[in-house]
Amino acid sequence: MNKLLAASVFVTCSLIAQASSDVNSLYAEQCGDCHGANLTGSAHGNALIGEAFREKWGRAGASALFAYQVSAMPPGNAASLSQAQHLALVQLMLDANEMSDAGLPSGETPAAFDSWSEAGSIDAIARSRSAFVNRRIEKFEAVTQNMLNDPPDGDWLSWRRTLDGQGYSPLTEINRSNVSRLQFAWSLAMRDGSNQGTPLAHNGILFLTHPDNVVQAVDGASGELIWEYAYPYPEGSKTLGGPQRNIAIYEDKVILATYDAALVAIDAQSGEPLWRTVKADWREGYTHTAGPIVGGGVILSGINGCERFKDGGCFITGHDPDTGEELWRTSTIALPGEPGGDTWGDTPPHFRAGSDTWIAGSYDRTLNLFYIGTSQAKPWVAPSRGMTTRDAALYTNSTLAIDPSTGKIVWYYQHIPGETIDMEVGFERILATVEGKRYIYTIGKDGILWQLAADNGTFVSLTETIQQNIFSNVDRETGELTYRKDIQEAQVGESFSACPGIYGGHNWQAMAYHPTSHALVIPLHQLCADMVGRPVPREEGGGGYGGDSRSYEMPGANGLLGKLVSIDARTLREQWSYEQRAMFMTGVLTTGGGLAFIGDLNRSFKAFDVENGKVLWETRLGAPTHGYPVTYTAGGRQYVAVQTGMGVFRALTAVISPDIYQPANGQAIYVFALEER
């Protein structure tokens, strides 16, 4: 049995076992409203038990029932369930009716008859139909490491376009002088969920990642779908609304990091799966919110779901692009007997939690180093994890520089040792050459912007981009931060306040660099929070975040929750800032046309003059913007794309901004171009 088939059989068997064990709750969630809690039917759905059911499906056969279930149920959303879940539901019906399961689920199946007994069933059948067949991308050009290092101007080949994480495109067709003529070109509906993705663009084709581990290839000029791949993840592995922040493309493969802690290679021409590699057991909480990048010919990725107590801890891996074989694994938790192992106090290895990697890293081709940020230790508050802020807990809240061929940590810089208030610095790492020297820039939830030497991690400088009261002292010469005394001494059950709060300040909405003006354009949230640590028992499988919080507007912000600031990368001085009521909800895109694009909670997508912060263009979309805007060329024309559709942030924004209408759906991609003349 080849590796791909073996992996497929393993996944299918695992999913069937999982779906079967949860079939009663699955039925209640997906079927009970229409067909009754006891399968007896209602005004909205036929009975799934009794003589009529047995007569119809006894004659057609179990395989036909399965085929109908897969194609039509739930009405209008048939693809939302895996085949294993459909199989479990069909088996439930057959068992309830004491019918044979012969022929289930393989073999030729006769077409099931549609029931046209009521108007509702007509609508359901119509919405479930889809005859779309995947096509191939003809004349596909393989993506080499050299292309990733230096992409064609019209391509967007990595999470932030270039491996240095700048979020900058050199395209100039759309610029300061003509952006006012930008018009809608096309849009495409997307799957429900936390729509934080980044489209990739190559030779005019968009590779679009949806919530639900769905990847599509779409014609970038027309929006026409070419192929779709839907990964059958197990129910329960999707967390936080299922953000899928990025995918990678390399050679002839699209690389997807899945909810169930695996990597999957998809044929970029056809959408067919090529290989699958499991990194960890999703049943232990492991998952992905960010995808990989490719540096030095190696697939580089982190992992999430490390807040629970378990032996495996958190880690970063390198994989072979041809086979998916794991080449190395590097722990982001320092263990006893290793360098930094004593920074966790007397905490045993399986109670050392956190140090997740929520965002894809960056790669420097000259230094051949992979840079990635880690999050804080878990539980959030130091006393909840049996520690104090004097326990540094390496390698949490750090920038790691890793050799992509071996996984060795070449250097690290810990931004906030012993972090105790969910102020992680685990976001983007921008690499930029400024006045002849190579630097890394990163920013955490506290709004502190850091500048490090890229070759050895030496602290260079920092600046506060937003009002903060967490640290009583911020040493700009050494980079040392000192917590406010009441925060440092707070015990379990003792509340304290913090500005910014746990949503930032800054969050996953990435800043971008504009090399001509040396500007780092940074989205910020003007929010504060009260926080209290809770007791967290030390037991296997326990752990978690261990804190409660309440967010509110930052005093002095006058209700203006969204802030966009431009910082000179040479001096770390502010060049301009812009404030508004609605929070900015996308990353920033900068262009050679002198523009900075960003979207917000109030469904607006804006273009700013990167030199002075003036709004040059804006449009209103169907839902709050989300994800990471990109720009690319197709058919010789420049396009700008942005996604919409809220995720878990809505738990905050619906409370903090009740005056702004926020539809719970509206996941889509919107694409714009200059009017044709």
Report, one line per pair, each donor and acceptor closer than 3.5 Å where one atom sits in a side chain of residues 333-351; sequence neighbours left out.
{"unit_1": "Glu338", "atom_1": "OE1", "unit_2": "Leu335", "atom_2": "N", "d": "3.4"}
{"unit_1": "Thr343", "atom_1": "OG1", "unit_2": "Gly340", "atom_2": "O", "d": "2.6"}
{"unit_1": "Thr343", "atom_1": "OG1", "unit_2": "Leu394", "atom_2": "N", "d": "3.0"}
{"unit_1": "Trp344", "atom_1": "NE1", "unit_2": "Leu394", "atom_2": "O", "d": "2.6"}
{"unit_1": "Thr347", "atom_1": "OG1", "unit_2": "Trp344", "atom_2": "O", "d": "3.0"}
{"unit_1": "Thr347", "atom_1": "OG1", "unit_2": "Arg538", "atom_2": "NH2", "d": "3.1"}

### Query
With side chains defined as the heavy atoms from C-beta onward, is the minimum distance between Glu435 and Arg570 less than 4.5 Å?
yes
### Task
Keeping to residues at least two apart or across chains, list the disulfide bond (SG atoms under 2.5 Å apart) pairs with something in residues 328-367.
none
### Query
Looking at residues at least two apart in the chain, or sitting in another chain, which of them share a ring-ring contact (aromatic ring centres under 6.0 Å, His included) with Trp411?
Tyr371
### Query
Taking only residues two or more places apart in sequence, or in another chain, which ones meet Lys378 in a salt bridge (charged side-chain N to carboxylate O under 4.0 Å, His left out)?
Asp356
### Query
In chain order, what residues pass the side-chain contact (heavy atoms from CB on, under 4.5 Å) check against Thr357, with sequence neighbours excluded?
Ile316, Ile372, Thr374
### Partner residues of Asp281 under the salt bridge (charged side-chain N to carboxylate O under 4.0 Å, His left out) criterion, sequence neighbours left out
Arg283
### Task
List for me each residue that meets side-chain contact (heavy atoms from CB on, under 4.5 Å) alongside Ala651, sequence neighbours excluded, and say none if there are none.
none
### Task
Not counting sequence neighbours, list each pair that qualifies as a ring-ring contact (aromatic ring centres under 6.0 Å, His included) and has a residue in residues 544-582.
Trp380-Tyr545, Tyr578-Phe608
### Query
With sequence neighbours left out, what residues match His415 under ring-ring contact (aromatic ring centres under 6.0 Å, His included)?
Tyr413, Trp450
### With sequence neighbours excluded, residues passing ring-ring contact (aromatic ring centres under 6.0 Å, His included) with Tyr395
Tyr412
### Query
Can you name the residues that form a salt bridge (charged side-chain N to carboxylate O under 4.0 Å, His left out) with Asp403, not counting sequence neighbours?
none
### Results of salt bridge (charged side-chain N to carboxylate O under 4.0 Å, His left out) for Glu326 - residues two or more places apart only
Arg329
